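By convention in this document, chain letters (A, B, ...) are assigned in the order of the sequence lines, proteins followed by strands, and residues within each chain are numbered from 1. Computed from heavy atoms alone, side chains included, the values below leave out hydrogens, waters and symmetry copies. Quick caveat: nothing in here was measured; it's all calculated off a predicted structure.
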2 protein chains.
Amino acid sequence: MSDFNLVKAVDWRDEKLRMLDQRVLPETVAYIEYSDAAAVAEGIRHMVVRGAPAIGIAAAYGVVLAARAAYAQDAENWRSKIEPDLECLAQSRPTAVNLFWALKTMKAHFASITGHPETELLSLAKKIHTDDIVANQKMGDLGADLIGLDSGVLTHCNAGALATGGYGTALGVIRSAFAQGKINHVYADETRPWMQGARLTAWEMVEDHIPVTLLAEGAAAYLMKLKRIKWIVVGADRVAANGDVANKVGTYSLAVLARHHGVKFMVVAPTSTLDMNAMNGEQIPIEERSAEELHFSYGRRIAAAGAQAWNPVFDVTPAGLIDVLVTERGRVEQPSVEKLSVLMSKI
Amino acid sequence: MSDFNLVKAVDWRDEKLRMLDQRVLPETVAYIEYSDAAAVAEGIRHMVVRGAPAIGIAAAYGVVLAARAAYAQDAENWRSKIEPDLECLAQSRPTAVNLFWALKTMKAHFASITGHPETELLSLAKKIHTDDIVANQKMGDLGADLIGLDSGVLTHCNAGALATGGYGTALGVIRSAFAQGKINHVYADETRPWMQGARLTAWEMVEDHIPVTLLAEGAAAYLMKLKRIKWIVVGADRVAANGDVANKVGTYSLAVLARHHGVKFMVVAPTSTLDMNAMNGEQIPIEERSAEELHFSYGRRIAAAGAQAWNPVFDVTPAGLIDVLVTERGRVEQPSVEKLSVLMSKI
């Protein structure tokens with residue numbers, strides 16, 4: 001891991017939360033400082049930070065800021081005063097379950113706290129952050145084991161250091177497999193409309209001197225037909241109990257195309273992304289963002305005025321199209337409700 | 001057809017060729033005038049005009065300009081003097097066969113011309129142009145017949161009035177079916193990197209008051225999963241003798257996804273797009289354009305510097321994924337070399 005230039009998307013420093021503004025990367029590398037939870041929620045909503053694990057970590061630090069404010073407001077009753085901020089954080093984005101998982105994990109700790117909650121909650125948030133990095137590295141190894149020599153791989157959106165505590169889920173596997181000399185080339189879907197592939201994944205790969213080639217989403221099927229890739233490796237925003245995976249829109253498309261072309265399909269996600277309460281993909285709320293994201297780019301109109309636009313942010317890939325789900329607790333081939341239940345019951 | 005606001009992509013006026021600059025549509029509606037063939041070739045190369053039939057028509061008018069210049073240079077030997085210009089036009093873009101078909105059709109007429117060639121060649125170019133519009137209308141009817149009531153349709157890139165002599169191939173079918181009350185909604189893929197769907201198709205539909213919704217290419221599979229469309233209707237840049245279809249990159253992806261979801265797949269192209277010399281799709285040259293088209297948008301960098309980019313402009317959809325090919329000579333269901341041979345032998 002030390003060989004890679006890993007940027008910190010989320011960072012706690014000088015009693016504040018700093019988040020790398022991913023909306024302006026890679027042209028501009030700028031951090032925004034946050035000292036209250038409502039602002040963190042706005043940062044999540046407006047995609048200063050994105051990527052399911054990174055959103056969870058940001059929310060955990062947001063709870064620290066919320067607790068500080070609640071305690072200052074009413075030291076006796078900070079546990080009730082903090083509720084509006086927790087609700088605000090929970091409302092920031094609907095699909096990535098790591099957000100709710102982090103809020104729940106932080107909140108579960110409230111009862112045992114005596115006195116000022118900030119120190120203990122900060123320790124817990126830092127642990128969530130560190131655990132995520134450790135999970136990334138573990139998943140990197142577990143996923144890389146499956147990749148054969150001289151493989152081309154395609155990834156979609158960004159599931160890298162920027163989307164996690166560091167190292168990455170899908171890009172963690174790619175980094176580990178590349179370090180093992182197994183990957184000959186990384187292909188990155190541009191990922192409209194936010195261009196996370198073109199802006200973020202390509203940037204991470206260039207920084208790490210991993211050969212990367214961008215392509216428009218529409219070219220991915222042709223890439224597979226030309227047999228340039230053996231694996232598609234992606235992250236996840238939420239995995240249902242039966243193994244259905246919500247991830248960046250276009251992932252489902254790739255999974256169907258992969259099956260058609262005999263390309264293997266790997267999803268890499270820590271268990272904080274698993275939602276055993278969602279029986280299947282149909283129970284995962286799919287965020288739709290503004291039509292403006294399709295109509296404008298950097299403030300410039302790029303589409304015909306008067307047209308409607310449909311902008312679902314995620315789609316659901318059925319478990320049946322997934323060859324393997326890689327978590328920090330182990331790999332699950334052909335995921336199913338039975339296999340995920342066993343995985344989640346492991347200590 | 002009279003109910004629709006059909007723009008002219010290619011227009012002969014005042015002894016010059018005028019082409020609507022499709023690179024700046026729909027924000028700016030501007031025509032560029034051409035009075036020599038080399039400039040027309042540059043216009044085709046740089047995508048002032050695009051769309052296989054429109055490229056063919058532009059090339060035909062380009063031959064008129066070339067003949068004028070060749071005759072002025074050497075009235076006796078204009079047939080040899082014109083050759084460099086013909087070669088220049090032929091080199092402008094490699095995939096759309098209508099370009100070569102139009103040049104061949106114009107050139108076949110050279111032998112019978114006596115005296116100044118301009119008038120006769122202009123008549124022929126205008127006939128090519130008019131025939132294309134007539135073919136569009138015929139295909140519009142033939143394709144619309146297949147579409148059932150209350151259908152949603154998805155189209156890719158732009159195969160509309162802008163891509164043809166007028167009316168459109170895929171959009172011709174959509175216009176006709178809409179006029180018959182059969183289409184409830186049109187979905188338009190954005191079509192990276194040139195955004196022909198967002199800029200051109202959406203614009204044509206808005207101008208014609210046909211309800212249109214843009215989506216990122218990555219969302220098309222999810223659209224199909226939601227059962228919002230019954231048909232995908234696209235144009236073609238070249239159809240091989242066995243029915244394989246080269247069209248805008250992303251078309252093959254849609255065809256695979258359509259088959260997976262039980263959505264019908266229609267290709268609409270005049271017989272000038274059929275290349276009976278290409279046995280199958282592997283014999284169709286696929287243009288790759290500059291990496292810059294993925295790295296920049298309107299001069300602004302949109303992707304990480306240092307990344308490579310793969311920018312194939314077209315892909316090939318195998319005949320086996322095509323439910324019907326609609327030409328002005330008739331419909332061909334499940335196209336095959338036998339069926340296309342019969343079609344092309346019709347008078």
Using non-hydrogen atoms and a 4.5 Å limit, figure out which bit of [X] sits close to chain B: side chain, backbone, both or neither.
X       : result
I210(A) : neither
H185(A) : side chain
V186(A) : neither
L25(A)  : neither
M195(A) : side chain
A305(A) : backbone
V249(A) : both
R300(A) : side chain
Y187(A) : neither

Side-chain donor-acceptor contact under 3.5 Å, R301(A) with H295(A): yes
Distance-only polar pair, side chains of N280(A) and D244(A), donor-acceptor under 3.5 Å: no
For each of [options], tally heavy-atom pairs with chain B at distances under 4.5 Å, and name the one with the top tally.
options                            : result
D315(A), L294(A), L254(A)          : L294(A)
G250(A), S297(A), A291(A)          : G250(A)
R259(A), M224(A), M205(A), H261(A) : H261(A)
T191(A), L215(A), L214(A)          : L214(A)
T251(A), I286(A), L257(A), D189(A) : L257(A)
N311(A), V256(A), V316(A)          : V256(A)

Pair E293(B) + R192(B), salt bridge at N-O below 4.0 Å: no
Please check: side-chain N/O of [X] versus main-chain N/O of [Y], any donor-acceptor pairing under 3.5 Å?
X       : Y       : answer
S253(B) : G218(A) : no
R50(A)  : N158(A) : yes
T95(B)  : P285(B) : yes
R175(B) : Y167(B) : yes
S290(A) : E292(A) : yes

Among [options], which residue has the highest count of heavy-atom pairs closer than 4.5 Å to chain A?
options                   : value
E204(B), K225(B), R199(B) : K225(B)
H156(B), E217(B), E190(B) : E190(B)
E207(B), R228(B), K248(B) : R228(B)

Within the 6.0 Å centroid threshold, strictly below: H260(A) and F265(A): no
R23(B) to W194(B) six-membered ring, cation-pi geometry met (6.0 Å, 45°): no
Check against side chain to side chain contact (heavy atoms under 4.5 Å, CB included), L325(B) and V239(B): CA-CA 9 Å; L325(B) 170 68; V239(B) 181; 4.2 Å; yes
